[in-house]
2 protein chains.
Amino acid sequence: MNDTDKRQIRRRFGTNSVTMADVARVAGVSAQTVSRVLREPDGCSPQTVERVREAIRSTQYVQNHAASHLASNRSMTVAAVIPQIAASIFAETLQGLSNVLLQAGYQVIIGHTDYSHEREEAVVRNLLGRRPDAFFLVGTHHTDAVRDMLVRAAIPVVESWAWTDAPIDQLVGFSNQAALAEAVAYARRRGHARPTFVGSLRAGDDRARERMDGYLAGMAQHYPGFAPRTVVADELPYTMASGRALLDIARARHPDSDLLLFSSDLLAAGALLACQRQGIAVPQALAVMGFGDYEVASELNPGLTTIAVPTVRMGEEAARILVRRLRNETPDTRTLDLGFELVARGSA
Amino acid sequence: MNDTDKRQIRRRFGTNSVTMADVARVAGVSAQTVSRVLREPDGCSPQTVERVREAIRSTQYVQNHAASHLASNRSMTVAAVIPQIAASIFAETLQGLSNVLLQAGYQVIIGHTDYSHEREEAVVRNLLGRRPDAFFLVGTHHTDAVRDMLVRAAIPVVESWAWTDAPIDQLVGFSNQAALAEAVAYARRRGHARPTFVGSLRAGDDRARERMDGYLAGMAQHYPGFAPRTVVADELPYTMASGRALLDIARARHPDSDLLLFSSDLLAAGALLACQRQGIAVPQALAVMGFGDYEVASELNPGLTTIAVPTVRMGEEAARILVRRLRNETPDTRTLDLGFELVARGSA
DNA sequence: CTGTTAGCGCATTCAG
DNA sequence: CTGAATGCGCTAACAG
C-alpha cells in the first residue's frame, strides 16, 4: 500500500517533484495540515505531526520555496549588497550577517557591485525581483534610483561600513573619516613629520574617499601649515601588488615622506613586503600604516600598525536589527556606531 | 490620465507592489504581452515593446521572481555549495562561476558548509527548496543522502576542486593527490632530504586529506625507505596564525626536517613569516612549500614555492558546462581536468 | 503578433 | 484541531 502511494506520486506538466499534496495523500491528511505541521507543529496533534513527518521522510519531500513565497508574500530572504565577494573583509561581514540570519530562518542572497554605483543599481533592481524581506548594503552613498527603489520597496534596510546623518533607513557602521583623522593624530603623537596618504580610490568606493577626507581633515588639524600629500590611483585593484606599485610611486613623488598611510591593509602589506625586499627599514626609514586589520597585519615583520574595524560585528548587529524589525518588535535606535580601534604595532 | 493610472495601481492583500497586470493596464495591452516583452521582445511589434517599456518605467515595475519561477518551473538560479564564504580561494571560484552565469541570466545562490558533511546535507536540502536549475559543489566526497537528493533532483550537477572517477554528474577539477605527489617529486629533485607534511585537516575537508595522501604516495615513490612524517591538527582554522602554531609543533617533533610541505598557502605564509621573526633562514635552514598560490605567496620574502590551482577557471568552466546543459546543447565530456602547476619561488 | 484560459505549489482566510 | 475554498503573480498552451 505504502509502496503504491509512493509510486502514484509525480505526474503533471512542468514539475515532477513531490508536492505537499503528495505528502498529504501519503499521510492521509489534507495539504493544509502538512503545511501546518511544517510551520506551526504545536497547533497539531502529536500523532498527525508524526504521520506527516513520516510521509515527508518517505517521499523525500522538499518544500518549494517559490510557491511558499508567493502564497505568503514573505520570501524569508535578506538581500546583501557588497562591493566584492572575493574581498575577504566583506566576506567576514557577510558571515556575521548570515550566521545570525540563518538562526532566525532567513537566507541571505548576495549581490556584488564591483565598486560601481551603476552596477549597484542593476544589482539592487535584480535583487528586488526576488522580493527580499530586508536589505543590507555596504556603503551609504547610492544613486537616487537606488534610494528610491529601496524606499518604495518598503522593507527594512540597513546600510553599513560607513557613517551618514541621513541613512535610507537604519545604519550600522563607523566613520571612515574619523578613523583616518585618528591615524593622523597618532602619527603626530609618534613624531612623524611628513605623512602621505596612499590609496587606490575606485570610482564607487566612497569609503576609501572618506578615508582620504579624514586624512585631509586630520592634517589640517594636527599638521597646520603643512601641505597634505596624497598618492592616489583610481583603478588599481585592492591587492598587495598594487601596494607595491603605489609604494614606488609614493617614494618617487615624495622621497622625504616618513610615513605612508594606506587606505587598506592589503596595499600596506604589499608595500611593507616590498620595503623588505628593497632594504628599506620599516619603520626607521619609512613608517607604514594600514586600514582594516586584516589577518596579515599581525603576522608581518614588523607588525602593521592599522585601524581595526568591527567587520564581523557589523554583520551580526545588522542582522539582529533586521530580525527584530521583521518580527515587528520595537525598533532600535536608528543608527549604531560600532567605532574603530587603532592597533599600534611595529610599522609606525 | 497617466497620473490617474499610476495612482490606481496597488491594492489587495499581501502585496502592494506593482504587478504585471498594472503595467499591462498602463500600456493598454494584456499581461501576457508584458510578459513577452520581458522575455522575448523580438516576437513583439516595436511599438508595443516601446509602450510596454515606457509603462514599466513609469510604474517602476520590478518583476516578481517567485511568481515567474512558479509559473515557468525555472528558477534561473544555480546553487553553489562551498566550504566557507570567507575563504578567499573559494570566493575566486565563485566569482568565475558567477560572472559567466550572470551573463547567461542565471543568479548564483550560495550555501556554505564550514567543512562539515553534516552541514552540507542541511545546506543542500535547504538550497533544493529554492529549486535551483543546477548545482555546483566544491568537493567530491558527500554523504549518501546528499548524492541521493542531487540525483533525484534531476538537474545538472558539477563537482569541483578535486578528482574522482565517479562524479555525481559532471566534474571540473584537478587531483589534489597528484599535486602533492608532484611537490614531493620536486623536493626530491631539489635535494631536500627529509620533507614533512604539515596541515590542518578539518573533518569535512577531504581535499586536504587527499593532499596528505598525495604526500604519502609521493614519499613512497621518491623517498623509498624513508618513513613519511606528518604533522596534522584537525581543528585549526585555515589562518596564518595556525601556520605559526604548526611550525612550532613541526620543529619540535621533527627538528631535523629540512622541508615543510603545508596543505595551504595561508599556513605556509604564517610559518614563513614566523621563521623570519625567529631568525630561521628560509630556505637554507628550513624550506617551505604551500598550496594554492594565494596572492601573498608571490609577495613574501623569499617568495613561496607552491602549487597553483585554477581557482577562477574552475568556476568559469563549470558555469559554461552548466549553461550549455541548461540550454539542452550537446553535453561536453563528463569530466574536465584543469590540472595544477608547481610554481617555484625562493622558499624551497 | 496578441489575447484568453488555466494552472504552478503553497498559505491564508474561514468553517466546521 | 482539521479541511475546503480561494488567490498570490506569473507563464504555458492554445487560439485568433
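In what follows, chains carry the letters A, B, and so on, assigned in the order in which the sequence lines appear, proteins first and then strands, with residues in each chain numbered from 1.
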For A:A66 and B:C44, find the nucleotide of DNA chain C closest to each by heavy atoms; which residue's nucleotide sits nearer the 5' end? B:C44

With DNA chain C as reference, determine whether B:V49 or A:S68 sits nearer its 5' end, using the nearest nucleotide of each. B:V49

Using whole Å, report how far [atom1] of [X] lies from [atom2] of [N].
X	N	atom1	atom2	answer
A:D42	D:dT2	CG	C1'	16 Å
B:R39	D:dA13	CZ	C1'	12 Å
A:M20	C:dT12	CE	P	11 Å
B:Q63	D:dC8	CD	P	17 Å
B:R131	C:dC10	CZ	C1'	11 Å
A:E50	D:dC1	CD	P	16 Å
B:E40	D:dC10	CD	C1'	14 Å
B:N64	C:dC10	CG	C1'	14 Å

Quick one: which of [options] gets closest to the side chain of [X]?
X	options	answer
A:A71	C:dG9, D:dT2, C:dG7	C:dG9
A:S45	D:dC10, D:dC1, C:dA11	D:dC1
B:A67	D:dC10, C:dC1, C:dT12	D:dC10
B:Y61	C:dC8, D:dA12, D:dC10	D:dC10

Under the salt bridge (Lys or Arg N to Asp or Glu O under 4.0 Å) test, residues paired with A:D133 that sit two or more places apart: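 Salt bridge (Lys or Arg N to Asp or Glu O under 4.0 Å) list for A:D133, sorted by chain: empty.
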
Distance test, side-chain N/O of A:R74 to OP1/OP2 of C:dA11, below 4.0 Å: no

N-O pairing of B:R320 and B:E317 below 4.0 Å: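 Salt bridge flag = yes for B:E317 with B:R320.
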
Could you check whether B:R25 pairs with B:D22 (Lys NZ or Arg NE/NH1/NH2 to Asp/Glu carboxylate O, under 4.0 Å)?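 Yes, charged N to carboxylate O under 4.0 Å.
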
Can you pull the ring pair (Phe, Tyr, Trp, His ring centres under 6.0 Å) pairs that have at least one residue in residues 93-147 of chain B, sequence neighbours excluded?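 Sorted result for residues 93-147 of chain B: B:Y115-B:Y238.
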
In chain order, what residues pass the side chain to side chain donor-acceptor pair (under 3.5 Å) check against B:D114, with sequence neighbours excluded?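 B:D114: side chain to side chain donor-acceptor pair (under 3.5 Å) contacts with B:R119.
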
B:R57: partners by side chain to side chain donor-acceptor pair (under 3.5 Å), with sequence neighbours left out: B:E54

Output all residues satisfying side chain to side chain contact (heavy atoms under 4.5 Å, CB included) with A:A162, sequence neighbours left out; order by chain, then residue number.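 In terms of side chain to side chain contact (heavy atoms under 4.5 Å, CB included), with neighbours along the sequence ignored, A:A162 is linked to A:T140, A:N176, A:R207, A:E210.
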
Which residues in residues 27-38 of chain A have a heavy atom closer than 4.0 Å to any atom of DNA chain D? A:V29, A:S30, A:Q32, A:T33, A:R36

